[in-house]
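Just so you know, these numbers use all the heavy atoms, side chains as well, and skip hydrogens, waters and symmetry mates.
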Amino acid sequence: MRAMFKSIQVKIVTIFILVIISVVTVIGLFMTTNIVRMYNDEFSLMMEQVFTPRLISELEKSAEHNGSDGLSDIIGTYIGQLGLDTYRFYSILDGKTGEVIKSSDETRSQGMEKSDNIIIAMTGRTGSTSNTEKSYMDYAVPINIGGTPQYIVYIKDTKNEVNSVTRNIFFILIEALIFSILIALILGFFFSRTITKPIRDLTKSAERIASGEFDVVSTVKSDDEIGILSDTFNYMSSALHETMGEVSSEKDKVETILRNMTDGILAFNLSGQLTHINPEAKRLIGRQYYDDMRFDTFFKEINADISIGSLIYMNDTGDDENKTEREATVNGRVIRFTFASFSTENKVGGILVVLHDITNQHKLENSRREFVANVSHELRTPLTTVKSYAETLIDMPDCDEAMRTKFLGTIAKEADRMTRIVKDLLTLSRLDEGQYELKPFERIEMTAFVSGITERMFFSAKEKHQAMKFHAPEAPFSVMSDKDKLEQVIINIISNAVKYTPDGGRIDIYTGSLYTDAFIKVQDNGIGIPAENLPRIFERFYRVDKARSRETGGTGLGLAIAKQIMNQLGGNITINSTYGEGTEVIISVPL
């Protein structure tokens, strides 16, 4: 029943029926009440018109001489005027006791109650009060003899006639009510459809919008409030479609930014549950599953020394001095975590964590420290030697010429070594800052170019009884490059091969082209480089064997300079080596 009345159409039809029932009921009550009142008024008026003072005087005289029979005779002559019939009769009552003496309807007069009008007549006044609620109408006229009521002429109407009329009216109203209810059902159904159908259409459109179809347009056309609602709905749909488009665009933009950020992003709710993670954060963290990731547990695992409770407290108090950043090592990477709370509805909604990979910064910082230490060490060693020899010469002014010459030669040698270190450092500095200018590229015929360098380095190899051989390609080819810089790199590589290849060793030099690059390969059977040292071979001042490098006069900057020069030329250097067997260095230059 309750479900049925949830329908607007049923409610409207019900209202129609209730209105009809109410109207018919009011009309019925009004009609029956007025008919009864009119009948009572008509009865009272009729009685007043019949029982005039003249008639009453005549009745009193007749009663005085002939008693109740005289009264009955006179009343009998007014039967028509009094409207006496089967529903209305008269009685002659005793004026003192109210008992029936004579009556035109002996049956109905038996056991007759003393009505208000009879009691009034017993006091000597005419009883003419009317009460529509009683089941009868009456009229009592006192007949006074000697100043006191000896008899009462009493007229009583049983209202059978008016009841018959009201009963017929009631049946007519029932029929009218049934007919009206049928009409109300029909009219209410069709009238309610004019309201419920547009509402149903609007409801379906709203449901489609709720499901994500924001381009829905209502087709309801009307000039009433429903039409206004439909127009408002269409405006809302259009505005919502536009707003959702903007929101979707902003969402896509934010998601694209988060996906392509070089920093990782984590978002946690106040319960510490992970709500968002971008691809970079996944790469940095390296976990297989993230559904069970919790704030406190994760940062405790990586020893970050922070909890979500303390973080929210720090943000609430505004005390964020070095407390919203932490550094930790995750999967071999040094990660800086930056924490910030975000708000929803003017209250803290969660924690946003930005992950920044500072591994390279740490490596650079360590390299810088090591570089400074190496520079200090490399310069301090020759300075110590120079200082020691100089102090010796000062303390021994009478030393022989041979010792003086030897000491001064050592001082000059160490000074030259410091000069080379400073020169190489300046070269690296200019390369780092892009101030190491290249000459305009020129065409270089590689066979003749590399062959000439080999011939110049041949005598250095010959001093160590090394076999140096250049293997010329079958067909000549050329490259476009800075000839001086490329020559500097090749000489550096061949010089290293001579230095680190034992006496009697072999050095082979090749040149050729492969795809889009030309290459110069220098291969020796020297001492080689351990595999663990190869990744750091191009670092500044890095030496595999520091003592041997100093003996050969190396600064530890040659390969770093060569690498930087080849980067500027658009080429590359790669080194392959097996410890104890030899080293292969390949210099590649774009054709």
Review point. Yes or no on side-chain contact (heavy atoms from CB on, under 4.5 Å) for D524 and V522, after CA distance, side-chain angles and deciding distance?
Key: CA-CA 7 Å; D524 65 60; V522 180; 5.5 Å; no
**Study point:** Any residue meeting side-chain hydrogen bond (donor to acceptor under 3.5 Å, both in side chains) with K563, in chain and number order, not counting sequence neighbours
**Key:** N572
**Study point:** Under 3.5 Å donor-acceptor, K469 side chain and R506 backbone
**Key:** no
Exercise for review: For the residue pair L266 and I285, establish whether any side-chain heavy-atom pair is separated by less than 4.5 Å.
Suggested key: yes
Study note, to complete from the structure: Here the pair of heavy atoms bringing K464 nearest to T501 is NZ-O, 3.1 Å
Practice item. Check P590 against G570 and note the closest heavy-atom contact, atom names and distance. Key: CG-O, 3.2 Å
**Study point:** Backbone of G350 reached by a side-chain donor or acceptor of S341 within 3.5 Å
**Key:** no
Practice item. Provide the closest heavy-atom pair for P502 versus G526 in the form atom of the first, atom of the second, distance. Key: CD-CA, 3.7 Å
**Study point:** ring pair (Phe, Tyr, Trp, His ring centres under 6.0 Å) partners of F470, counting only residues at least two apart
**Key:** none
Review point. How many angstroms lie between CD in Q488 and OG in S495, if you round to the nearest 0.5 Å?
Key: 11.5 Å
Revision key, fill the gap. Interatomic distance, OG@S481 vs CZ@R443, rounded to 0.5 Å, equals 12.0 Å
Review point. Counting N and O atoms only, with roles assigned by atom type, does the side chain of R326 sit under 3.5 Å from a partner on the main chain of D305, one being a donor and the other an acceptor?
Key: yes
Check your understanding: To the nearest 0.5 Å, what is the distance between CD1 (I453) and CD1 (I494)?
Key -> 6.0 Å
Review point. So do Q361 and V334 actually touch side chain to side chain, heavy atoms under 4.5 Å?
Key: no
Practice item. May I have the step-by-step check of side-chain contact (heavy atoms from CB on, under 4.5 Å) for I491 and M457, ending in yes or no? Key: CA-CA 8 Å; I491 289 175; M457 299 298 297; 4.1 Å; yes
Check your understanding: Say you draw a straight line from CD of E584 to CD of Q523; how long is it, rounded to the nearest 0.5 Å?
Key -> 5.0 Å
Practice item. Could you pull out all residues at least two apart from Y510 that satisfy ring pair (Phe, Tyr, Trp, His ring centres under 6.0 Å)? Key: H471
Point to revise | Under 3.5 Å: donor-acceptor pair, side chain of N278, backbone of D263 | key: yes
Review point. If we only count heavy atoms from C-beta on, is the I265 to E280 side-chain gap below 4.5 Å?
Key: no
**Study point:** Any donor-acceptor pair under 3.5 Å from Q466 side chain to V498 backbone
**Key:** yes
Exercise for review: Ignoring hydrogens and angles, tell me if any N or O in the side chain of D357 forms a donor-acceptor pair with the backbone of T359 under 3.5 Å.
Suggested key: yes
Review point. Is there a side-chain contact between T338 and L352, using heavy atoms and a 4.5 Å cut-off?
Key: no
Practice item. Determine whether T583 and I529 make a side-chain contact, defined as any pair of heavy atoms from C-beta on separated by less than 4.5 Å. Key: yes
Practice item. Look at the aromatic rings of F299 and F295 and report parallel, tilted or perpendicular, splitting at 30° and 60°. Key: tilted
Practice item. Indicate, with yes or no, if the rings of F298 and F268 have centres closer together than 6.0 Å. Key: no
Check your understanding: What do the steps show when you test R283 against R333 for side-chain contact (heavy atoms from CB on, under 4.5 Å), and what is the final call?
Key -> CA-CA 11 Å; R283 186 185 70 82; R333 295 178 178 273; 3.2 Å; yes
Point to revise | Backbone of I308 reached by a side-chain donor or acceptor of D296 within 3.5 Å | key: yes
Exercise for review: For K521 and G512, indicate whether the former's side chain and the latter's backbone hold a donor-acceptor pair under 3.5 Å.
Suggested key: no
Check your understanding: Looking at side-chain heavy atoms only, is the closest gap between I575 and L559 below 4.5 Å?
Key -> yes
Review point. Does a side-chain heavy-atom distance below 4.5 Å link M566 with L486?
Key: yes
Point to revise | Contact summary for G264 and L284, nearest pair of heavy atoms | key: N-CD1, 4.3 Å
Review point. Rounded to the nearest 0.5 Å, what separation is found between the OG1 atom of T329 and the CD1 atom of I335?
Key: 8.5 Å
Review point. Can I490 and F449 be said to form a side-chain contact (heavy atoms from CB on, under 4.5 Å), step by step?
Key: CA-CA 10 Å; I490 296 172; F449 178 63; 3.7 Å; yes
**Study point:** Any donor-acceptor pair under 3.5 Å from T511 side chain to F519 backbone
**Key:** yes
Review point. Quick one: CD1 on I351 to CG on L270, what's the gap to the nearest 0.5 Å?
Key: 7.0 Å
Point to revise | Any F337 side-chain heavy atom under 4.5 Å of I306 side chain | key: no
Check your understanding: Any donor-acceptor pair under 3.5 Å linking the side chain of T275 with the backbone of A267?
Key -> yes
Practice item. Quick one: closest heavy-atom pair of A518 and F477, and the distance? Key: CB-CE1, 3.5 Å
